[in-house]
Each structure stands twice: as structure tokens, then as C-alpha cells.
Amino acid sequence: MNLDLRHKVAIITGASRGIGRAIAEQLSREGMRLVLAARSRELLEEVAASCSTEVQAFPADLRMEPSPRQLIDFAVQRFGAIDLLVNNAGATKRGDFLQLTEEDWQDGFALKFFSTVRCSRAAWPHLVRSRGTIVNIVGIGGRTGSAEFAIGGSVNAAILNLTKVLADRGMKEGVRVNAINPGYIVTDRLNARLDHFAEEHQTTREEAAWKLTQGYGIPRFGEPAEIAAAVAFLASPMASYCQGAILDVDGGQTRTL
Ligand code: NAD
């Protein structure tokens, strides 16, 4: 299926592994030119090597200004325009509310929430010019709170609201803004969690995976490529009437409205 993305320019944050990497590979297959951001140049170069279109790496810690603004300036300098911004970088600490420190909270918001705010703000005038689009990779914890996911849930809820805020603005200015809520997707992060669970319960990673999926009431975990496919759709003109949409890609885990 031709998604009409050929030669367009996408920025993807957190593209060195996991979901961000899968998004980069998918969008490159669709013919997009890419700017990939994460902290490790080496890993970004590895992802670039697996892509078939022009890819520029931008190694940076996105928790602080001026990195988000510099990322956007870099993309415009290299490619002259931005058609798509995928805000994907994120890492929030799990744990008991009373054990999580001030620093854990600051850190969680600094990367995932504030890099989304800052990258979107810096990219906005360029997206208005190109009639471009933003896709935020958020998480089902933003809809459904759980005791061990206080920071991630709060950050995600804030980004879901920001998605609606920017979509409202975007209606008037020709920028589409949508969000995807991944459920449990098999990346390093989930594998680490499975290993921890397996160690705690003296079992194997496979058994841990089975127990967790049973507990969540889902048939299996998702694959990064399944999130990437949803990004490609939302980025494309096929989704031209999606504005402020929040798409749960979670195997059915979210049962609330
Ligand atoms: P991951 O940990 O595998 O990858 C995170 C990416 O962010 C990496 O490229 C990493 O280098 C980058 N990153 C981390 N700190 C950074 C910093 N300070 N500056 C710049 N880049 C930084 O994570 P993932 O599982 O692929 O998740 C990607 C996104 O999807 C995250 O926002 C996560 O919250 C969200 N999500 C993931 C799942 C899941 O099950 N994997 C579920 C819901 C939501």
C-alpha cells in the first residue's frame, strides 16, 4: 500500500532501539528521509545502516534545552523541512509511590514530557509550513492508573492531554496531532522486567511472560513493528481526518472508554 510518504522528512526521538528503531525502519521502508535522536551515536549509526533512505543521526540527551531545539534546527538545516515529528523517547522509573524520589519524578518528566513539549514547540512553525503532523508515543498507563506506575502514568496522562491541546491548535493551522498508546511491547525494557520477575519468582523468562500476559488478560505481548505500522498510518494522508486521536495498540488490554 502506498502511504504517500516518499521523500518526506521525519524526526524520531528515542530511535536507537526498541519502538523508536522499529518506527525508523518502517518509515524508511515507506521512503521517508529521517533524523534520528538518542544519546548514543554508535547505536543511531547502527539503525541508520539498517535503513534504505537518507538518515542523519543526532546524538543528544533530550532531557534538557537546548538539545530539543538543536535537534529541530539540525533537521531543517539538513533537509529544509519537517513533515513528521515522532515524540517517542521516554524512560520512567516504576516503583512504589513512597519509595520514588524527587529526582525520579524530575527525570521522568524531564525526558518524556518536556522533550515532547520542547520538540513540538520548536517544530511547530515548520510543521505549519509543511502541513505536517506529530505522533506522540505515549502508553496505556496514561488512561489506567496502577500503583507501581505512578510516574509513567502521570507523564503519559499529561502527554495525552497535550496531544488534545496541540490537535485543537493544529485544526486552525493545518497540523495533525495524534497519539498512540502502546500496551506491553517486547523491547529491552520489557525483557528486563521479565528477567526481574523471573528472578523474583524463581522461574524462566518464558514462564514469566506467560504469567504476566495471563495477569493482564491479553493473549500475547506486542511487537515494536506493530506500533511502527500504526505510526506510518497516522503519519500518512490516509489518516487525514484523524486529529487528536488516541489509538490504543495494546492487544485489547484497555477495556475502559
Ligand atoms: P527503550 O528503553 O527500548 O528505548 C527508549 C529510547 O529513548 C532509546 O532510543 C533511548 O536511547 C532513548 N533515550 C533514553 N533516554 C534518553 C535521553 N535522555 N535523551 C535522548 N534519548 C533517550 O524504550 P521502548 O520500550 O522502545 O519505549 C519507547 C517509548 O514507548 C517510550 O516513550 C515508552 O514509555 C513508550 N512505551 C513503551 C512500552 C513498552 O512496552 N515497551 C509501553 C508503553 C509505552
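Just follow the structure's listing: the first ligand is 1, and inside any ligand the first atom is 1.
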Suppose I only count heavy atoms of [X] and a 4.0 Å limit; which atoms of ligand 1 are within that range?
| X | value |
| --- | --- |
| G14 | 6 (C), 7 (O), 8 (C), 9 (O), 12 (C) |
| I137 | 30 (O) |
| A60 | 19 (N), 20 (C) |
| T187 | 24 (P), 25 (O), 26 (O), 41 (N) |
| Y184 | 40 (O) |

Is [X] close enough to touch ligand 1? Criterion: a residue heavy atom under 4.0 Å from a ligand atom.
| X | result |
| --- | --- |
| L43 | no |
| S67 | no |
| L111 | yes |
| A15 | yes |

- Message: Just to be sure I read this right, does ligand 1 sit under 4.0 Å from the backbone of R21, its side chain, both, or neither, counting only heavy atoms?
- Response: neither

- Heavy-atom contacts under 4.0 Å between V138 and ligand 1: side chain, backbone, both, or neither? backbone

- Do Q106 and T101 touch side chain to side chain, with heavy atoms closer than 4.5 Å? no

- Message: So R193 and R189, do their side chains get closer than 4.5 Å, heavy atoms only?
- Response: no

- When every non-hydrogen atom of L62 is compared with those of A89, the smallest separation belongs to CD1-CB, 4.5 Å

- Query: Closest approach of V35 and A75, non-hydrogen atoms and distance?
  - Reply: CG2-CB, 3.7 Å

- Candidates D248, N87, T116, I159 - the one meeting side chain to side chain contact (heavy atoms under 4.5 Å, CB included) with V138: I159

- Write out the residue and atom name of the closest protein heavy atom to atom 3 (O) of ligand 1, then the distance separating them to 0.1 Å. R17 NE, 3.1 Å

- What's the shortest distance from atom 43 (C) of ligand 1 to any protein heavy atom, and which residue and atom give it? P182 O, 3.4 Å

- Thinking salt bridges, do E148 and R94 make one under a 4.0 Å N-O criterion? yes

